[in-house]
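Owing to the predicted nature of the structure, the values given are computational and were not obtained by experimental measurement.
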Protein chains: 4
Amino acid sequence: MTLADHAAPAPRPGRRADAERNRAAIIKAAGEVFAECGGGVDVREIARRSGVGMGTLYRHFPTKDALLVTVLERQFDAWLTDAYQWAVATEDPWRALTGFFEQLLDTQAGNRAVVESFATTGGPSDACVQRCYAIIDELRTRCVDAGVLRSGVTTEDLFLLSGSVSQAVLTTADSHPGKWRRLLRISLDGLSSRNTEPLPEPGVGTDARV
Amino acid sequence: MTLADHAAPAPRPGRRADAERNRAAIIKAAGEVFAECGGGVDVREIARRSGVGMGTLYRHFPTKDALLVTVLERQFDAWLTDAYQWAVATEDPWRALTGFFEQLLDTQAGNRAVVESFATTGGPSDACVQRCYAIIDELRTRCVDAGVLRSGVTTEDLFLLSGSVSQAVLTTADSHPGKWRRLLRISLDGLSSRNTEPLPEPGVGTDARV
Amino acid sequence: MTLADHAAPAPRPGRRADAERNRAAIIKAAGEVFAECGGGVDVREIARRSGVGMGTLYRHFPTKDALLVTVLERQFDAWLTDAYQWAVATEDPWRALTGFFEQLLDTQAGNRAVVESFATTGGPSDACVQRCYAIIDELRTRCVDAGVLRSGVTTEDLFLLSGSVSQAVLTTADSHPGKWRRLLRISLDGLSSRNTEPLPEPGVGTDARV
Amino acid sequence: MTLADHAAPAPRPGRRADAERNRAAIIKAAGEVFAECGGGVDVREIARRSGVGMGTLYRHFPTKDALLVTVLERQFDAWLTDAYQWAVATEDPWRALTGFFEQLLDTQAGNRAVVESFATTGGPSDACVQRCYAIIDELRTRCVDAGVLRSGVTTEDLFLLSGSVSQAVLTTADSHPGKWRRLLRISLDGLSSRNTEPLPEPGVGTDARV
DNA sequence: AATGAATGAGCTTTCATTCAT
DNA sequence: AATGAATGAAAGCTCATTCAT
């Protein structure tokens, strides 16, 4: 049992089959609709696309926001899990870290809602963020131990980097898909231990221009 | 006359003075409101804060979006100009480039609407983007000539980097102001010529993990 | 057999025992819920509290309103019976009449749905009203025979009086419980034969001010 | 200046004429609709009937409830004023008191919303209740001074009596209009000083049957 | 016969935009 | 030209009733 096992679909026993099917349909449809249109879409669109009535939707999720969070969590969690599993199986610590980021960003490419969540809430949900932190921290530690990571780089730095590049992923999704990979590589290279200059302290006033 | 002179307020001749004053008041208020609340605010709030009626507002700007674009353009343009002027006056090409980014990001720190614009429209407006591109290209060329920039880095890469870090600026604005500077430094360091590995081609399929 | 025997639970022969149990549970729960919250409650709350599913509830009662009426009838009927039995056993005709009202009002104190029914439907149901009328008429006749009732007072007057005071009972239920008893006493005293002025005729135009 | 001057229509100076007309139309329509259908009606019905859009309605009243309260206050206040003015001009204290009640009840006959308000909120609004209390108290004092009021009768008793009879007014509005006048007379006669028995103390346990 | 999930019209409220004054 | 009231199409959410299991 590692960090990577995530909330299973949880097929509660007494649940009727069609209810479960509907719930799944809602989550699926919501996942697509939120991804395409962002969190601002009309709930009706999700109901329509999932083939259920409004009441059914609201039976399964008490508010639109609850649905959004659920969907984002599931999506992000799944991506996180995949990327983590790949990373764990990778020998080279550096490649594990960078590959993890690339894979994670790759899967969330063009998902408006997920990317929005980084800008508005700081991430899909606290639980997701926690889990992401834990994973990044693990990968970071391996790099530190191997001496390949720039000194002073924190987990927060890495998380922030990931969320920030995800915006670039969305920006370029339509016009220049894949271009973000160059940006990611650039930023990651700035993380290698070949960069020896100290990073600025978190204090506000630091000014690189000086 | 250089790249940096931007669209002046354009005092159209036949215009009555108070109309011009109103227009200015609207733009000022909209700038503040959009910055604080993002592009989703109620137009009424802008009218209220600028002290004009809704009709006046809509006389000057046909749609909310037109107002938003106008405001973003002016703000971004001003910041761009400032940062550019500083950069032009800086001897060291590398410092000019990095300082330019930091200054630009610093001024837009916490401006919700501007940052949103990068995620949704790819930038405040096409004109802004063009101008930003031109400036970045100029600074980039200086670095290339001085041999301090990683080979293969394009203007697009740099622009994308800027837009992406701006998201981090917003994300951390409340909780950890200034933390984005570390991220910026990291990314910029990935741009130095000490990084010799080739960047991935823009093609979609490239996979850093391999 | 007197006026007072009311519709028995009527255990229809072919009925399965659990069906009867469910029906009883529904009526019990509905009685409580309607009393507490009034007729506007969500039917779900009743289903929940009675421990049956919505389908079962609607199998026993075709509409929410049918359930409401059934419940009100049963409750009111029971109270009516109790109050009547007490009144019948009371020698003094005046005390029988007044005590009947007080007892009836006392039991329905705070039952939102019953009181609402007087305002909206004129009473829990036609059958209830009929029965109540019959009882009141009986008690009234005794008073008339004994010469203690104001001349011209009709059964309708008395029924109306009861329904009207019931509102006061509800109004004061939380803040001043029991205060309605003063109001009841006042009104009842207006009914005594010591008041000799003729009551206004039912015609609309009568105006006490003239 | 007496108790009876009530909030004037308040034609705020800068207000546009049509806005005032709309506001009036809304209040008028709402008054009718609420009176006919009670507080539960669809707001759309009021918008339709007053000939304005939903937005206009909500511009004038922030919530449905605010509209309801405003309407009830105005209506009740107007009735209160009328009845009070009549009462003040009446020499006979007893006739002033009883006539006041009759007139007040007469005007609110069949107004569902106002009557509902007594059952749910205890009255149209706190301000209304205060004013009503003050008026009743004044009329009551005159009766007490004249020695025509039953000893121990409080203003609260009288207010409660009024609210309670108003239910009867509503109940009989359609089937037996005017019948409530008999009930009112009965109750009022119970208030005359010819009734010498002490009223029950407000304590809960008092039982008239004993 | 029992269950509780599904339905969808209907509710209150918001807000970009138009238009009478 | 300026004002801000008016508009009405959504939007999020509820709940009496039906229906598949």
Side-chain angles (χ1 to χ4, degrees), chain A residues 14-23 26 40-48 51-65 67, chain B residues 15-20 22-23 40-48 51-67, chain C residues 15-23 40-48 51-67, chain D residues 14-23 26 40-47 51-65 67:
Chain A
R15 215 55 162 299
R16 266 163 44 172
D18 60 342
E20 212 53 56
R21 227 180 303 126
N22 273 332
R23 190 183 165 88
I26 291 168
V41 255
D42 192 336
V43 186
R44 282 169 173 79
E45 176 59 28
I46 296 171
R48 206 173 304 131
V52 306
M54 291 293 294
T56 304
L57 199 154
Y58 273 89
R59 156 175 285 273
H60 287 283
F61 302 93
T63 62
K64 180 189 184 179
D65 212 61
L67 172 59
Chain B
R15 221 42 165 306
R16 272 166 43 173
D18 59 343
E20 213 52 56
N22 275 336
R23 188 184 165 87
V41 258
D42 194 330
V43 187
R44 260 158 263 271
E45 177 60 26
I46 296 169
R48 205 173 305 133
V52 306
M54 292 292 292
T56 306
L57 196 155
Y58 271 86
R59 161 172 294 275
H60 286 283
F61 303 93
T63 63
K64 180 187 184 179
D65 211 62
L67 172 59
Chain C
R15 223 42 168 303
R16 270 166 44 174
D18 58 345
E20 214 53 54
R21 230 181 300 125
N22 275 336
R23 190 183 163 87
V41 256
D42 194 330
V43 188
R44 260 158 263 273
E45 177 58 27
I46 296 169
R48 205 173 305 132
V52 307
M54 292 292 292
T56 306
L57 196 154
Y58 270 86
R59 160 171 294 274
H60 286 283
F61 303 93
T63 62
K64 180 188 184 180
D65 211 62
L67 172 60
Chain D
R15 215 57 164 297
R16 265 163 44 172
D18 61 342
E20 213 53 54
R21 228 182 302 125
N22 273 333
R23 190 185 165 88
I26 291 169
V41 256
D42 191 336
V43 186
R44 281 174 172 79
E45 176 59 26
I46 296 171
V52 306
M54 291 294 293
T56 305
L57 199 154
Y58 272 88
R59 156 175 285 271
H60 286 283
F61 302 94
T63 63
K64 180 189 184 178
D65 212 61
L67 173 59

Whole angstrom value for the distance that separates [atom2] of [N] from [atom1] of [X]:
{"X": "C:Leu67", "N": "F:dC15", "atom1": "CG", "atom2": "C1'", "answer": "15 Å"}
{"X": "B:Ile46", "N": "E:dT17", "atom1": "CD1", "atom2": "C1'", "answer": "14 Å"}
{"X": "D:Leu57", "N": "F:dA9", "atom1": "CG", "atom2": "P", "answer": "16 Å"}
{"X": "C:Phe61", "N": "F:dA16", "atom1": "CZ", "atom2": "P", "answer": "16 Å"}
{"X": "C:Arg59", "N": "F:dA20", "atom1": "CZ", "atom2": "P", "answer": "15 Å"}
{"X": "A:Arg48", "N": "E:dA6", "atom1": "CZ", "atom2": "C1'", "answer": "17 Å"}
{"X": "C:Glu45", "N": "F:dT14", "atom1": "CD", "atom2": "C1'", "answer": "15 Å"}

- Query: Does C:Asn22 put a side-chain nitrogen or oxygen below 4.0 Å from OP1 or OP2 of E:dA1?
  - Reply: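 The answer is no; no side-chain N or O of C:Asn22 sits under 4.0 Å from OP1 or OP2.
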
- Message: If the cut-off is 4.0 Å, is B:His60 near the phosphate of F:dA1, judged by side-chain N/O to OP1 or OP2?
- Response: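 No, no such contact exists.
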
- Message: Can you list every stem that DNA chain E is part of, counting only runs of 3 or more consecutive Watson-Crick or G-U wobble pairs with both distances under 3.5 Å?
- Response: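 Detected stem regions: E:2-21 with F:2-21.
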
- Message: By nearest atom, which of the nucleotides F:dT7, E:dA2, E:dA6 is closest to the C:Asp18 side chain?
- Response: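 Selected nucleotide: E:dA2.
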
Holding to side-chain contact (heavy atoms from CB on, under 4.5 Å), I want the full list of residues that pass it with [X], two or more places apart in sequence or in another chain.
{"X": "A:Asp18", "answer": "A:Arg16, A:Arg21"}
{"X": "B:Asp42", "answer": "B:Arg44"}
{"X": "D:Val43", "answer": "D:Met54, D:Leu57, D:Tyr58, D:Lys64"}

- Quick one, give me the B/S/- string for nucleotides 11-16 of chain E, reading 5' to 3', where B means a protein heavy atom under 4.0 Å from the base and S means that only happens at the primed atoms, P, OP1 or OP2. BBBBBB

- Item | Listed partners of A:Arg48 passing side chain to side chain donor-acceptor pair (under 3.5 Å), at least two apart |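 Per chain and number, A:Arg48 pairs via side chain to side chain donor-acceptor pair (under 3.5 Å) with A:Glu45.
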
